[in-house]
Amino acid sequence: MKKTIALLAALSLSSTAVFADYPTKDVQGIIQWGAGGSTDTVMRSIAPHVEDALSTDLILTNRTGGVGAIATKYVNAKKADGYTLLMGAENPQMYKVLGLTKIDYSDMIAINVLARGTPVLVANNDAPFNNMQEFIDYTSANPGKVKLGSTGKGGLASIVLAMLKSQVSLNYISIPYNGDGPALTALQGGAIDVMPVVLGASIESIKAGRMKVIGLIDKESNALLPGVSPATDTLPGLARYLPWGPFFGVFVKKGTPEDAVEKLQAAFHTAADSPDFTALMKKRGFTILNISGEKADQFLNSYRSTSSWLVDEAGFSKYSPEKFGIPKPQ
């Protein structure tokens, strides 16, 4: 019996020592969305700073599909050792009500919620509308003619459209893409007419004149978009949902050793505070959050509440948020 206890104690001390030395090998970062999109841009921008803080390589891989669920399930199937990170966006917070998977961020540990974006409605330069009211009028007069890009149920596009539909009737054809990067490429090529997207993913193309902004999904103007009115000027009822925007965060599987979690949180906090990362985020229209722990949990729960009830009221949730104890937003 004494030998067994001594062996268990030795194993425990050995395990503690291993994680005290964390990381001892490369860390894998699994990005939910495709190359060139907003999530990919944010994660690849912060990665070099995280590598410096951890003194190891952060190997990034894009695993797309299922509105980010493929990557989420992949990370949750891995060992909870801190060597496989989920680098994602807001989508998992609607997975349960949409019936996509039983996992959302409440089932994981938030390493850092890095930043929040501002949604915009962008259009092909040849589209016959230049602002929100003209877009609404055109879809009304030409039902089923406008081709609108989306990233699936629970993606940014679906939430923005749910907001708009809560105020006005829209008739369009929805065309799905695996991320806003491919969708924006399609927009510029004329395959689609309109795309709800985060400003950070489209700002460079907007500045270059490759697409135009027809709607700012906010209740205040934005310095990066001079002359563009907030959507609430056209649809005042949207104010109840705003400000709202997609977010970008890094997560690990529950059960990850506390020491590894703390080192990862410290590394990402330092990285998100670096001058060139913060400058890039500001330039692209992202709002830096850089939160973990209780603050991150509060933010995530608030987002899940607002978005889950919004998609439920829009009629495309599979289950009521009540089923999962998700409270209505106040």
Side-chain angles (χ1 to χ4, degrees), residues 37 66-67 90-91 94 97-100 118-199 201-202 205-206 209-219 225 227-242 244-246 306-318:
V67 198
E90 70 283 355
N91 316 85
M94 281 79 71
V97 297
L98 294 173
L100 294 176
T118 299
V120 292
L121 206 59
V122 293
N124 180 282
N125 285 327
D126 295 329
F129 34 78
N130 297 298
N131 55 49
M132 184 69 77
Q133 189 60 60
E134 290 181 4
F135 168 66
I136 293 169
D137 293 343
Y138 187 84
T139 60
S140 177
N142 300 272
K145 186 172 182 179
V146 173
K147 291 174 287 185
L148 188 145
S150 73
T151 52
K153 291 181 179 180
L156 176 144
S158 69
I159 304 298
V160 169
L161 291 169
M163 287 185 190
L164 297 179
K165 287 181 176 180
S166 73
Q167 307 298 310
V168 66
S169 177
L170 296 172
N171 194 316
Y172 55 84
I173 298 173
S174 180
I175 301 177
Y177 290 89
N178 268 332
D180 48 15
L184 290 174
T185 298
L187 179 82
Q188 294 172 69
I192 56 176
D193 303 302
V194 181
M195 178 71 187
V197 67
V198 66
L199 177 59
S202 56
S205 293
I206 293 168
R210 295 193 292 270
M211 61 184 68
K212 59 186 177 182
V213 181
I214 63 169
L216 169 61
I217 313 302
D218 207 342
K219 53 184 179 182
L225 300 173
V228 179
S229 300
T232 49
D233 283 7
T234 303
L235 301 170
L238 288 177
R240 63 179 290 219
Y241 303 116
L242 303 173
W244 176 94
T306 297
S307 301
S308 294
W309 281 98
L310 187 58
V311 299
D312 186 65
E313 291 166 6
F316 63 84
S317 63
K318 185 173 182 179

Revision key, fill the gap. Of all heavy-atom pairs linking S307 and M94, the shortest is CB-SD, 3.3 Å
Review point. Is there side-chain contact between Y172 and V194, with at least one heavy-atom pair below 4.5 Å?
Key: no
Practice item. Hey, could you give me each pair passing ring-ring contact (aromatic ring centres under 6.0 Å, His included) that has a residue in residues 148-170? Not counting sequence neighbours. Key: none
Practice item. Answer yes or no: is there a side-chain heavy-atom contact under 4.5 Å between N130 and K212? Key: yes
Exercise for review: Compare all side-chain heavy atoms of L161 with those of L148 and state whether any distance is below 4.5 angstrom.
Suggested key: yes
Point to revise | Close side-chain approach of M211 to N124, heavy-atom, < 4.5 Å | key: no
Check your understanding: Is there side-chain contact between P119 and L199, with heavy atoms separated by less than 4.5 Å?
Key -> no
Check your understanding: Looking only at heavy atoms, what is the nearest atom pair of G237 and Q167, with distance?
Key -> CA-OE1, 3.2 Å
Check your understanding: Once you round to the nearest 0.5 Å, how far does NZ of K147 lie from CE of M195?
Key -> 15.0 Å
Point to revise | Validation row: V146, Y138 side chains within 4.5 angstrom (heavy atoms) | key: yes
Point to revise | Exercise: identify the closest heavy-atom pair between S205 and Q188 | key: OG-NE2, 3.7 Å
**Study point:** Approximate separation, where rounding is to 0.5 Å, of L310 CG and Y241 OH
**Key:** 5.0 Å
Revision key, fill the gap. Side chain to side chain contact (heavy atoms under 4.5 Å, CB included) test vs P246 passes for just one of D180, L156, T118, I159, namely L156
Study note, to complete from the structure: Here the pair of heavy atoms bringing K219 nearest to A239 is NZ-O, 4.1 Å
Exercise for review: May I ask you to test the M132-I217 pair for a side-chain heavy-atom distance under 4.5 Å?
Suggested key: yes
Exercise for review: Let me know which of I136, V168, N131 forms a side chain to side chain contact (heavy atoms under 4.5 Å, CB included) with T234.
Suggested key: I136
Review point. So how far is it from Y177 OH to T151 OG1, rounded to the nearest 0.5 Å?
Key: 12.0 Å
Exercise for review: Classify the side-chain pair W309/S317 by whether it contains a donor and acceptor separated by less than 3.5 Å.
Suggested key: no
Exercise for review: Start with the C-alpha distance between W244 and D218, add both sets of side-chain angles, then the distance that settles side-chain contact (heavy atoms from CB on, under 4.5 Å), and finish with yes or no.
Suggested key: CA-CA 7 Å; W244 176 94; D218 207 342; over 6 Å; no
Check your understanding: For the atom pair NZ (K318) and CG (D312), what is the distance rounded to the nearest 0.5 Å?
Key -> 14.0 Å
Exercise for review: Measure the CG-CG distance between L238 and L164 for me, rounded to the nearest 0.5 Å.
Suggested key: 6.0 Å
Check your understanding: Taking all non-hydrogen atoms of both residues, which atom of S174 and which atom of S150 are closest, and how far apart?
Key -> OG-OG, 3.3 Å
**Study point:** Reported CZ-to-CD1 distance for the pair F129 and I214, which is rounded to 0.5 angstrom
**Key:** 5.0 Å
Check your understanding: Shortest non-hydrogen contact from S202 to V120?
Key -> OG-CG2, 3.8 Å
